[in-house]
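Chain identifiers are assigned alphabetically (A, B, ...) following the order of the sequence lines, protein sequences preceding nucleic acid strands; residue numbering begins at 1 within each chain. What's counted below: heavy atoms across the whole structure, side chains too, no hydrogens, waters or symmetry copies.
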Amino acid sequence: MRAVTWQGVNEVGVETVPDPTILNDRDVVLKVTRTTTCGSDLHLIGGYIPAMRTGDVIGHEFMGEVVEVGPGVRDRRVGDRVVVNSFIACGTCWYCRQELYSLCDNGNPNPGITEGLWGQSPGGCFGYSHAVGGFAGSHAEYVRVPYADVGTFVVPEEVSDDRALFASDAVSTGWMGADLAGTKPGDTVAVWGAGGVGQMAARAAMLLGAEQVVVIDRLPERLEQVRRHVGAEVVDYSTTDVMAELRERTGGRGPDVCIEAVGMEAHSTGVQGVYDQVKQQLRLQTDRPSAVREAIMACRKGGSVFVLGVFAGPVDKFPLGAAMNKGLTLRGAQVHGQRYTPRILEHMARGELTTEHLATHVMPLEDAARGYELFKSKEDGCVRAVFLP
Amino acid sequence: MDLTQVIGRASGLAGGAGAALLQRLQHVRLPGAGQASATDDPERAARRWRAVTVLRDPADVDPAAGGLPAPLAALGDRIEVRVTPAPGDRGTELAARYRHTPGPDEIGDLRAALREAKALLEVGEVLRVDPQPHGRRAATPQGAALEGAAQAAPREGVL
Ligand SMILES: NC(=O)c1ccc[n+]([C@@H]2O[C@H](COP(=O)([O-])OP(=O)(O)OC[C@H]3O[C@@H](n4cnc5c(N)ncnc54)[C@H](O)[C@@H]3O)[C@@H](O)[C@H]2O)c1
Ligand SMILES: [Zn+2]
Ligand SMILES: [Zn+2]
């Protein structure tokens, strides 16, 4: 089959690779119908996530049709149209029972790599390096899905492929941020980053009852999407002092909930930006955390900061004093998609959650290299490139 | 320290051997913080109980009742096994250690056996990842080191 592979730092291409097969009783094999780029892929392609091998099939946000079912699968049939969560979770361990699916104890066959790095190993993920299992990704004609009863969801008839696709990762991640940050009716929520994840965090916050939702970015076409399709307020950080603006818009309090959806390659202006970039390039810090810093400083006393952006290692100039003295709750996670996908599909079916606008570029799988180029450079208004295998 | 740098260094030092790479990785210390067992002397570290918590009733895990899970049974009476209820409905703590002072390979065997035993008890099977689709693998030292690291990973870590 044809598949998109990582071929070195900043190099992706399409190759012919063997077809996947059922390896465990609870697997299914999917014929992939839609698979999309995620901001997380950029960290991986750029070489910021180690443990990638040349030839690894990438991609983790996808949907498809079940074509083969393992003997231990209970609820899926050949022909089911399903959307699949990016993290691989068993459904039976203690973490899965707490609905903390991305922390599954039985989802990552390579726990030794991340235990060494972080003290414990989180779960496994499709197409996202050997550190999280080394599973072949979804940018391919077929993909094997372990623990299919837990990680695949049949898409209701009323929901189109174009909409359902993003329940896989972008929407479930955004929803998790808004939910686990404790968004309550009446809250003001600020979201850093207007990519697929930030936009969906904003929409989720609104559906959870937030009174005011403000999204911060610098790319005009993304801010326009936020206004038009999400219905939230926007701040352009390239022309506006974010801290002052947020204070002014919140009666001097600061947002109750701050959601960071930018990640380790955060862009920043001025001295801070140069400082972080140089330190990251010299490998003195692995990640550039400027949006996290800003979220902590902006947050109201006793408020809550949720880190959705992906980070891998230590960061520098972390305002721990602000977090401690302001009594903040600081939280982060890889997506617990299985916890949120059913209710997301319901909102989608009722038309309360639309995502079609995220798919700014739809193209054949063969064009994946161009798709990633557009997505990385954010050229031509690219928010997500969707591949049709 | 950055992981890519660590991998670069470790693969240089270890001549590309993945297991050695991971072992080094486990001893990378953040300034002011250590990893598990980073300050134990090697003898004490090797002899510690290694434990996984399994979300099953102690009765389902108890070696006296059903016999040890196969991966642990395979280690025979070289190991001793301890089964205790975990607090707060977290299931059962399954711990094992060697009766003698083991070498790194034996410790790797025990880590893998404990993880497999847990998977068998909780899921009924051990999750596999190979063989699976991949494209052309460039024959680079880093690639070989990483391959080795991935293969060694079920036997490594802080467990
Ligand atoms: N936690 C999870 O499970 C999970 C899941 C999916 C994605 N992610 C992560 O979420 C982050 C966002 O993903 P995405 O797909 O939306 O990525 P994306 O690259 O499409 O969007 C990132 C956005 O952040 C903006 N940005 C950069 N620096 C900023 C700053 N200082 N302040 C405000 N905005 C800034 C960029 O202009 C861009 O619009 C990434 O780090 C990704 O890895 C995490
Ligand atoms: Zn993602
Ligand atoms: Zn689990």
Would you mind checking which part of [X] comes under 4.5 Å of any heavy atom in chain B, side chain (CB onward), backbone (N, CA, C, O), both or neither?
X	result
A/Tyr142	neither
A/Cys90	side chain
A/Arg53	both
A/Met1	side chain

Residue part contacting chain A, namely of B/Gln132, when any heavy atom lies under 4.5 Å:
side chain
Measure B/Val52 against the heavy atoms of chain A and call it side chain, backbone, both or neither at under 4.5 Å.
neither
Should the pair [X]-[Y] be classified as a salt bridge under the 4.0 Å nitrogen-to-oxygen rule?
X	Y	value
A/Asp56	B/Arg137	yes
B/Glu80	B/Arg97	yes
A/Glu15	B/Arg136	no

Heavy-atom pairs under 4.5 Å with chain A, option from [options] with the top count:
options	value
B/Asp130, B/Leu121, B/Val54	B/Asp130
B/Gly124, B/Gly91, B/Pro131	B/Pro131
B/Leu55, B/Thr53, B/Leu159	B/Leu55
B/Val129, B/Asp89, B/Val126, B/Leu127	B/Leu127
B/Gln151, B/His134, B/Arg56	B/His134

Is it true that A/Thr92 and A/Arg97 share a donor-acceptor pair across their side chains at a distance under 3.5 Å?
no
Quick one: do the A/Tyr372 and A/Asp41 side chains pair a donor with an acceptor below 3.5 Å?
yes
Spatial distance of atom CD (A/Glu115) from atom CG (A/Asn108) [nearest 0.5 Å]
9.0 Å
With respect to A/His60, which candidate in A/Tyr128, A/Phe126, A/Phe87 satisfies the ring pair (Phe, Tyr, Trp, His ring centres under 6.0 Å) definition?
A/Tyr128
When only pairs under 4.5 Å are counted, which of A/Val17, A/Asn24, A/Thr5, A/Thr21 shares the most heavy-atom pairs with chain B?
A/Asn24
With under 30° as parallel and over 60° as perpendicular, where do the rings of A/His139 and A/Phe387 fit, or are they tilted in between?
perpendicular
